[in-house]
Amino acid sequence: MFDTITMLTKIYIHPENLQHTESFTFQKDGVSRTKYKYKDSLISKIIYRDYNQTLEIELSIPKFLYGNNVNLIKESEIPLFFQRLHQRLHELFNISIRKEDWYTKRLDVCWNFPANEDIDDYLKQLAEMKLPRLKPETYGHQETVVHRNKSRRISFYNKQKECKRTKQPREIIDQAKGLLRMEINLKEKSLSKYSSKRKAFELLTIHFFDYITTPILQQIEFTDVVAGISFQWLAKQTNKISKIESVLGFRILQNHLTQTELKELYSNSTYDRKVNLTRSIQFPSHRILAPLKIDYANLG
């Protein structure tokens, strides 16, 4: 459900417990201030600012618990995450923290969809979609598809290719085969709409995961994958060429506009007629990609 998280908390760390860190001192408003960085094998980023007694950490929750982020964590594993995190920070800095003390700066919501051999078709259609209030982008010949705005970034990519690129162990690469990865990178503005103080323990829940993912998946509609149209096939059709042309044109609009936008362009009866017409014509090679679904009942 969740991957990378950036959290902050207010806490005093005694200078004796910062001896193994890398320190940076600078001047601001005539006052000397020091920032400490610690390199840890389990927590990817640890920063302590002594001038405002703020500890900031960043880590991948599944990597922290299990060594990889192919396996998806469940809500029941969140208490274990906080327990091990607090134990690790106590070992490093001799401090005690409660889960209620953390507030969130960034959170990545994620899911793996079993796309198998259709993964490239999914990415192609996702690249051609237009989601409300989001700007589409693609990287690496549509290997990664991104829809973003200032407060969130939704990305889809081939998880196995990403594992190969980052040189993960063979068993992890094999486990990622056929997985279409969805990651939703949320910043403070999006997080505060759900939890005004962006409390981590309030955000790391099934309810918040549902709150974020359900509206996104409802906006994603796949059209038929059409291929193999030839002169011979067209010559055999009982439908007029104008109808076939109309269907192909409407499908292009479906790829580039949202359903709400399309309904603004057509009357209700015309829209329904065009949708029914697209269903009535069977192209030489066409199939409908299965919708992206999450089994929310088994996330506990």
Side-chain angles (χ1 to χ4, degrees), residues 1-6 44-45 58-63 68-70 72-73 104-168 173 176-194 203 208-223 225 251-262 289-294:
M1 292 195 300
F2 306 105
D3 193 355
T4 300
I5 187 169
T6 305
S44 57
K45 182 173 76 174
E58 183 174 288
L59 75 166
S60 163
I61 299 175
K63 286 182 180 179
N68 73 84
N69 67 347
V70 176
L72 297 170
I73 63 167
T104 312
K105 184 177 180 181
R106 165 197 167 182
L107 179 59
D108 292 355
V109 174
C110 63
W111 194 255
N112 296 328
F113 299 99
N116 301 315
E117 70 276 1
D118 294 328
I119 193 165
D120 289 338
D121 289 331
Y122 275 105
L123 289 170
K124 184 177 184 298
Q125 289 210 31
L126 287 164
E128 295 172 346
M129 285 183 187
K130 182 181 176 183
L131 301 181
R133 297 179 297 281
L134 296 172
K135 179 183 176 182
E137 300 172 352
T138 59
Y139 302 94
H141 304 290
Q142 294 187 347
E143 289 184 359
T144 299
V145 178
V146 175
H147 296 265
R148 71 162 76 218
N149 58 25
K150 292 183 178 180
S151 61
R152 66 171 57 188
R153 179 181 188 271
I154 307 171
S155 58
F156 297 89
Y157 60 90
N158 186 320
K159 185 60 179 175
Q160 187 180 51
K161 287 186 177 180
E162 189 258 355
C163 289
K164 289 180 178 178
R165 187 169 59 252
T166 55
K167 298 180 179 180
Q168 298 298 310
I173 293 174
K177 184 177 181 180
L179 294 181
L180 174 66
R181 177 77 161 197
M182 177 180 71
E183 289 186 358
I184 308 164
N185 314 121
L186 302 169
K187 297 182 180 179
E188 294 178 2
K189 183 179 179 179
S190 292
L191 298 171
S192 61
K193 290 180 180 179
Y194 182 88
L203 296 168
F208 178 68
F209 178 79
D210 187 348
Y211 168 82
I212 292 297
T213 57
T214 295
I216 293 173
L217 295 183
Q218 288 175 344
Q219 296 168 0
I220 296 175
E221 294 184 1
F222 296 108
T223 57
V225 178
R251 284 181 170 175
I252 291 174
L253 291 177
Q254 285 180 308
N255 287 335
H256 291 276
L257 300 177
T258 65
Q259 185 182 74
T260 301
E261 290 171 332
L262 280 172
L289 295 173
L292 300 179
K293 292 185 178 181
I294 295 174

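Note that the structure is predicted; figures quoted are calculated from it, not measured.
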| query | So does Glu162 pair up with Arg165, basic N to acidic O under 4.0 Å? | reply | no
| note | Separation between NZ (Lys177) and CD1 (Ile119), nearest 0.5 Å, reads 11.5 Å
| request: Look only at the side chain of Asn112 and the backbone of Leu72, and say whether a donor-acceptor pair between them is shorter than 3.5 Å. | output: no
| Are Phe2 and Val109 side-chain neighbours, meaning at least one heavy-atom pair lies under 4.5 Å? | yes
| Would you say the side-chain atoms of Ser190 pair up with the backbone N or O of Ser151, donor to acceptor, closer than 3.5 Å? | yes
| If we only count heavy atoms from C-beta on, is the Lys189 to Lys150 side-chain gap below 4.5 Å? | no
| request: Side-chain contact test, heavy atoms from C-beta onward, threshold under 4.5 Å: evaluate it for Glu58 versus Arg106 and give yes or no. | output: yes
| said: Between His147 and Ile216, is there a side-chain heavy-atom distance shorter than 4.5 Å? | reply: no
| field | Taking every non-hydrogen atom, the tightest pair across Ile220 and Leu131 | value | CG1-CD2, 4.2 Å
| Between Asn116 and Asp118, is there a donor-acceptor pair closer than 3.5 Å when you use the side chain of the first and the backbone of the second? | no
| Any residue meeting ring-ring contact (aromatic ring centres under 6.0 Å, His included) with Tyr122, in chain and number order, not counting sequence neighbours | Phe222
| query | Who passes side-chain contact (heavy atoms from CB on, under 4.5 Å) against Tyr211, sequence neighbours left out? | reply | Lys193, Tyr194, Phe208
| request: Examine distances only and state if a side-chain atom of Gln160 and a backbone atom of Ile173 form a donor-acceptor pair shorter than 3.5 Å. | output: yes
| query | Taking side chain as C-beta onward, heavy atoms only, is Tyr139 less than 4.5 Å from Tyr157? | reply | no
| remark: CD1 (Ile294) and CE (Met1) are apart, to the nearest 0.5 Å, by 10.0 Å
| message | Are Leu217 and Trp111 packed together at the side-chain level, in the sense that at least one heavy-atom pair is separated by less than 4.5 angstrom? | response | no
